[in-house]
Peer 1: 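Here it is, the structure, as structure tokens.
As the structure lists them, so they are numbered: ligands from 1, and atoms in each ligand from 1.
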Amino acid sequence: MQYRTAIHRLYSKASHITTPIFYPNAKPHIGHLYSSLLCDVHHRWQLLKENQSFFTTGTDEHGLKIQLASESNGFDQPKKFVDKLYMDFVHLDKIFDINYTRFIRTTDPDHIENVKELWQLCLKNGFIYKGEHKGWYSISDETFYPESKVVKDPSHDGKYLNTESNNEVIYQSETNYFFRLSLFRERLISHIKQHPHFIFPVTKREQILQELETTENLLDLSISRPSTRLKWGISTPNDPSQKVYVWFDALCNYLSSIGGISSILNNTAEVVSKHYNAGSNVEMQLTIPHPKEVWQTTIHVIGKDIAKFHTIYWPSFLLAAGLPLPKQVVIHGHWLCNGVKMSKSLGNVVDPVDMASYYGSDIVRWFLLENSKLEEDGDFQEQRLSETRELLVSKWGNLVNRCCGSKFDVERAVTKFSNKGHLQLQEVFQNEPEISQQIKSHIKLLNETKDVFEEKITLFQYSQLLKHVWGIINDANTLVQNGKPWEREVDQQDAIIFLSMETSRILTILCQPIMPALSQSLLDRIDVLEERRTITFIELGSDEAYGKYSNKRGREVPLKRIPYRLSE
Ligand code: MSP
């Protein structure tokens, strides 16, 4: 513990990224994994750069939706139900190497205290009042819809739907506590205008801003339900007859998971957090220095369906409580399967665990990142996942396998051209301007790569990033193809082998956040020492100590071909 604390103090920059917390009412699917993956890559990239980073995720365990799911699954208590189902999310994270710093559950005692604290602050500051509420509620979306968004369901007698999510709504009239959301429209607009990156991507920012500007008034929000109706929730402070609205509860997780409101308000230098490790409920001490500053670096990654809660409700709750706002809300599209929305009734929900068990978790990670853009919906096709694996085997795997063949000597090439030796690479081909030029432009590509990673990861533009990576891999393969090292004298052969191995070494170090497990096998294959897998070693020629046994026969292949499992 003391060691950890000391290490954390050394870091100057700290940041925080969050996934939404997931409803544990069914097994996780590929869409849930996607939110976690976007965060994980970002978090791992910060760690690779030796910055301190916090990454929090978890499960949203209260509310009517969970209460009803628990009942219909035959559980007498919702807590027993969520205790079972939340494990599926922890398991998913384990399979996919999702490297969170805290997995928070809204049933965790420190979170419950924190929700009450947020409530009390909003109440004390005059933003909560009691009133009569009449309106249309969707259990599935855990939200009320205005009359203007409610229509009769044409296929079911007597049922009503909302036009936003098309889920069923029921009319309710009851006593609730209200939040004075109507007071926040102007402040939200000015915050969004003054912080152009608060909502990202820009298309979403414009859409939300336009909605806020054209709405005459935001309606006050019901933030509690009678305990007679909603049994499974946190009681409102000082009034057990009401339970806290599940979104008020859930959004608060973002504060609880980095130490809670008081530590943020006091900005105490250190707070203690918990770390649920692979479902074993092991509590680990985690030091968060300057939680207020960390909170202001927070990036919320969310799906497009929950933008309203994160860009309107959440900032308003925070402003009401006198708390600073997070840095950014990043909104992504949804995953379809073969062009169709995934749903239980259609039976087309993609199970990420099944995909990982056949293709490998890192192949699924790569595929999801390569085939998605924030602004668009992604389309999952197993055929393309299979092709992604095949390409990685035939292009990246093959580049390594070729150079590690028994005809070549990686160790000799590395010794010759590492450190300042790489400055001689072009000279070796001074009588061959074409190859010499190819080497020059390849080196330029490699030198630009870290900046490309930095930019694309910051902007969540993973498909563009991986396009760049493929460009370099293809370029290195072309160099080997055209350079024919097997026909060359020793220095020229070593120059080509060196540059190809450097390409793989540097790219693999940089791709660790994208493929955490496979990158280790690739680096193991070329004998890169563990302590040299960091950002300090991504310059060309910066590691003179790898490749020692790489050309020995019988070494393990990092990425093997697998049989095709789809029917033609
Ligand atoms: N519990 C709330 C979030 C509370 S955050 C304070 C919730 N949970 S959810 O389980 O329904 O959804 C979690 C996330 O998964 C959301 O960001 C949602 O957009 C995302 N996805 C659900 N289906 C998805 C796809 N098909 N594709 C991509 N993401 C999807 O909402």
Peer 1: Which residues pass the salt bridge (charged side-chain N to carboxylate O under 4.0 Å, His left out) test with Arg229, sequence neighbours left out?
Peer 2: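 Arg229: salt bridge (charged side-chain N to carboxylate O under 4.0 Å, His left out) contacts with Glu174.
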
Peer 1: Is there at least one pair of N or O atoms, one from Trp335 and one from ligand 1, spaced under 3.5 Å apart?
Peer 2: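 Yes; the residue has a nitrogen or oxygen that sits under 3.5 Å from a nitrogen or oxygen of the ligand.
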
Peer 1: Quick check: are there more than 12 heavy atoms from other residues, nucleotides or ligands sitting under 6.0 Å from CD of Gln210?
Peer 2: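 Atom CD in Gln210 is not packed in, count stays at 12 or less.
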
Peer 1: Suppose we measure from atom 9 (S) of ligand 1 to each protein heavy atom; which comes out shortest, and what is that distance?
Peer 2: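 Here the closest protein heavy atom is Tyr23 CD1, 3.7 Å.
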
Peer 1: Can you tell me the protein heavy atom closest to atom 15 (O) of ligand 1 and the distance?
Peer 2: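 For atom 15 (O) of ligand 1, the nearest protein heavy atom comes out as His32 CD2, 3.5 Å.
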
Peer 1: May I ask you to list the atoms of ligand 1 that are less than 4.0 angstrom from any heavy atom of Asp60?
Peer 2: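 Checking each atom against Asp60, I get 1 (N), 2 (C), 4 (C).
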
Peer 1: Could you give all pairs that pass the salt bridge (Lys or Arg N to Asp or Glu O under 4.0 Å) test and reach residues 18-45, with sequence neighbours left out?
Peer 2: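 Matches after skipping sequence neighbours: Lys27-Asp88, Asp40-Arg44, Asp40-Arg365.
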
Peer 1: Given Ile306, Val350, Asp377, Asn25, which one has a non-hydrogen atom that is nearest to atom 16 (C) of ligand 1?
Peer 2: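 It is Ile306 that holds the nearest heavy atom.
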
Peer 1: When you check the gap from the basic side-chain N to the acidic O, do Asp354 and Arg565 get nearer than 4.0 Å?
Peer 2: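 A salt bridge links Asp354 with Arg565.
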
Peer 1: Got the closest protein heavy atom to atom 18 (C) of ligand 1, with its distance?
Peer 2: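 Minimum-distance protein heavy atom for atom 18 (C) of ligand 1 reads Asp305 OD1, 3.4 Å.
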
Peer 1: Between Asn253 and ligand 1, does any nitrogen or oxygen pair lie at a separation below 3.5 Å?
Peer 2: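 Not met; the criterion fails.
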
Peer 1: Taking the basic N atoms (NZ, or NE/NH1/NH2) and the acidic carboxylate oxygens, is any pair closer than 4.0 Å for Asp108 and Arg102?
Peer 2: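 Looking at Asp108 and Arg102, the cut-off is met.
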
Peer 1: Roughly how far, to the nearest 0.5 Å, is CG of Asn338 from CG of Asn348?
Peer 2: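 Spacing of CG (Asn348) from CG (Asn338) equals 8.0 Å.
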
Peer 1: Give the ring-plane orientation class for Trp335 versus Phe367, where under 30° counts as parallel, over 60° as perpendicular and anything between as tilted.
Peer 2: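 Trp335 vs Phe367 ring planes: tilted.
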
Peer 1: Could you list which atoms of ligand 1 come closer than 4.0 Å to a heavy atom of His332?
Peer 2: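 Selected atoms, number and element: 28 (C), 29 (N).
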
Peer 1: If you measure from each heavy atom of Glu142 to ligand 1, is any distance below 4.0 Å?
Peer 2: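 Glu142 does not count as a contact of ligand 1 under the 4.0 Å cut-off.
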
Peer 1: Does Arg105 offer a backbone N or O that forms a donor-acceptor pair with the side chain of Thr59 under 3.5 Å?
Peer 2: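 The answer is no, because no donor-acceptor pair under 3.5 Å joins these two groups.
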
Peer 1: Consider ligand 1: state whether an atom of it lies below 4.0 angstrom from any non-hydrogen atom of Gly333.
Peer 2: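 Yes, that is the case, since the closest heavy atom of the residue is under 4.0 Å from the ligand.
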
Peer 1: Below 3.5 Å, N or O to N or O, backbone or side chain included: is there any such pair between Leu251 and ligand 1?
Peer 2: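 No: no nitrogen or oxygen of Leu251 is under 3.5 Å from one in ligand 1.
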
Peer 1: Can you report which non-hydrogen protein atom sits closest to atom 21 (N) of ligand 1, along with the distance?
Peer 2: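 That would be His334 NE2, 4.1 Å.
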
Peer 1: Hey, does Glu168 have a side-chain heavy atom less than 4.5 Å from the side chain of Tyr160?
Peer 2: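 Answer no - side chains too far apart.
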
Peer 1: Considering only protein heavy atoms, which is closest to atom 23 (N) of ligand 1, and at what distance to one decimal place?
Peer 2: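 That would be His29 CE1, 3.3 Å.
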
Peer 1: Salt bridge or not for Lys193 and Glu213, using N-O below 4.0 Å?
Peer 2: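 Between Glu213 and Lys193 there is a salt bridge, with a charged N closer than 4.0 Å to a carboxylate O.
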
Peer 1: What about the rings of Trp295 and Tyr254, do their centers lie closer together than 6.0 Å?
Peer 2: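 They do not qualify: ring centres at least 6.0 Å apart.
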
Peer 1: Does NZ belonging to Lys341 count more than 12 external heavy atoms closer than 6.0 Å?
Peer 2: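 No.
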
Peer 1: Tell me: protein heavy atom nearest atom 17 (O) of ligand 1, and distance?
Peer 2: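 Protein heavy atom with the smallest distance to atom 17 (O) of ligand 1: Gly303 N, 2.8 Å.
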
Peer 1: Taking only heavy atoms of Met342, which atoms of ligand 1 are found under 4.0 Å from at least one of them?
Peer 2: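 With Met342 as reference, the close atoms of ligand 1 come out as 26 (N).
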
Peer 1: Using a 3.5 Å cut-off on N or O atoms only, is Ile21 in polar contact with ligand 1?
Peer 2: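 The answer is yes, given that Ile21 and ligand 1 share an N or O pair closer than 3.5 Å.
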
Peer 1: Which option out of Phe22, Phe248, Tyr254 puts a heavy atom nearest to atom 13 (C) of ligand 1?
Peer 2: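 Closest candidate by heavy-atom distance is Phe22.
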
Peer 1: Can you list the atoms of ligand 1 that are under 4.0 Å from a heavy atom of Ala250?
Peer 2: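 So the atoms of ligand 1 that pass are 6 (C).
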
Peer 1: Nearest non-hydrogen contact with atom 4 (C) of ligand 1 belongs to which option: Tyr313, Phe380, Tyr34, Trp247?
Peer 2: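 Considering heavy atoms of Tyr313, Phe380, Tyr34, Trp247, the nearest to atom 4 (C) of ligand 1 sits in Trp247.
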
Peer 1: Of all the heavy atoms in Lys341, does at least one lie under 4.0 Å from an atom in ligand 1?
Peer 2: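 Heavy atoms of Lys341 never come under 4.0 Å of ligand 1.
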
